[in-house]
Protein chains: 2
Amino acid sequence: MTKTGNRSSSAVEDYLERIQELIETKGYARVVDIAGSLGISQASVTNMVKRLDAEGFVRHEKYRGLVLTEEGESIAKAIGKRHRILTDFLNLLGVASAEVERDVEGMEHHLSADSLEAIESLCRELSSNPELLLRIKRSERESK
Amino acid sequence: MTKTGNRSSSAVEDYLERIQELIETKGYARVVDIAGSLGISQASVTNMVKRLDAEGFVRHEKYRGLVLTEEGESIAKAIGKRHRILTDFLNLLGVASAEVERDVEGMEHHLSADSLEAIESLCRELSSNPELLLRIKRSERESK
DNA sequence: TAAATAAATTAGCCAAGGCTAATTTTCATG
DNA sequence: CATGAAAATTAGCCTTGGCTAATTTATTTA
């Protein structure tokens, strides 16, 4: 039985998400890579990595990189999915991309599965309904 | 010229929002009321109130209550509006109310004005388009 | 108006997550 | 294979925003 209810902090989620991205894009995620990618100090990353390791989210081989455990990966995947759905959503609405990034990064840790799914369905509908999107964007412009 | 760019922390926003609600509903917001309403200790509230006062968001009269300054009120109003828009949005999508509350409280501090406006417009469209809402809800049920 | 109660404050603590500076460990290369 | 560079870690510090327990201050009420 996989432990499930264990809510992780935003910070933990951010780290796991980023670690996975790094592994996907560069093939590895060392302390120094994570620090660079998150824009924080190596020392801070070392600390957090200790914690992630202790809590069973990653396995760490010095100078070699991190590997996500099954549990770590499942969290990373979930948060990655949230990220994609929310990005999609705001993009569909025509929000400027710099803002999309910031907003999504802020929001992604605070959505229940239900809300996520609802937004996902909404995106499906919006995607297949360009006129609707046009109306929404028009209505935005007007209300400004 | 009103100072505008000064981003406040989530905690500050939460306090101001709650203070305004209390003033609206009970007519006053004392330390003890805020503590009760936010579910935290009076001591913590005293601390934060000192800060809010020092930063010019509230004026405090002991045993009498807090008053929002112009700046405090404008922040409170803005965050209140975010709260309403997001609540609306998730309600429209049919998310269960307990979750709506939690999600909104988490998200409301992380949305740019642009995203907010886009979601607002979207809500307008959704409200006037019950079939669309039905389709979305159906599609949710199916994807479960 | 004095005593009881309620509100507020103070002092001292904690955890999360950041930071810098200094040090250690490993890697890569001449 | 020695050494310089890169990566990692350690030590010690900071801020935010919580907490409890003890104390003070104001308000209410008998």
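Bear in mind that the values here come from a model prediction, so they are computed numbers and not experimental data. Sequence lines set the chain letters: A, B, ... in the order given, protein chains first and strands last, and positions in each chain run from 1. Side chains included, hydrogens not; waters and symmetry mates left out as well; all remaining heavy atoms used.
Remark: B:R30, B:V31, B:V32, B:Q42, B:A43 in residues 24-43 of chain B come within less than 4.0 Å of DNA chain C through at least one heavy atom.
Applying the ring pair (Phe, Tyr, Trp, His ring centres under 6.0 Å) rule to pairs touching residues 16-40 of chain A yields nothing, sequence neighbours excluded. The stretch residues 118-142 of chain B participates, sequence neighbours left out, in no ring pair (Phe, Tyr, Trp, His ring centres under 6.0 Å) pair at all. The side-chain hydrogen bond (donor to acceptor under 3.5 Å, both in side chains) contacts involving residues 58-69 of chain A comprise nothing, where partners must be two or more places apart or lie in separate chains. Within the structure, ring pair (Phe, Tyr, Trp, His ring centres under 6.0 Å) contacts touching residues 85-108 of chain A (residues at least two apart or in different chains) are A:F89-B:F89. Counting only residues at least two apart or in different chains, ring pair (Phe, Tyr, Trp, His ring centres under 6.0 Å) contacts with residues 97-138 of chain A comprise A:H110-B:H110.
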Handout entry: Nucleic acid footprint by protein, nucleotides 22-30 of chain C - heavy-atom cut-off 4.0 Å, B for base, S for sugar-phosphate alone
Key = ---BSS---
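Comparing A:V12 and B:H60 by the nucleotide of DNA chain C whose heavy atom lies nearest to each, the residue mapping closer to the 5' end is B:H60. For the pair B:A11 and A:V49, both in contact range of DNA chain D, the more 5′-proximal nearest nucleotide belongs to A:V49.
Rounding to whole angstrom units, NZ of residue A:K50 and C1' of C:dG18 are separated by 14 Å. Rounding to whole angstrom units, CG of residue B:L52 and P of C:dA8 are separated by 14 Å. Atom pair A:N47:CG and C:dT20:C1' shows a separation of 13 Å (rounding to whole Å applied). To the nearest angstrom, P of D:dA8 lies 14 Å from CG of A:D53. C:dA7 atom C1' lies 15 Å from atom CD of B:E61, rounded to whole Å.
Closest heavy-atom contact between B:S112 and A:D103: OG-OD2, 2.6 Å.
Not a single donor-acceptor pair under 3.5 Å links the side chain of B:N129 to the backbone N or O of B:L126.
Under the rule for a salt bridge (Lys or Arg N to Asp or Glu O under 4.0 Å), the partners of B:K77 that lie at least two apart in sequence or sit in another chain are B:E73. B:R124 pairs by the side-chain contact (heavy atoms from CB on, under 4.5 Å) definition with A:S139, A:S143, B:E120, B:S121, not counting sequence neighbours.
OP1 or OP2 of C:dT9 sits under 4.0 Å from a side-chain N or O of B:T46.
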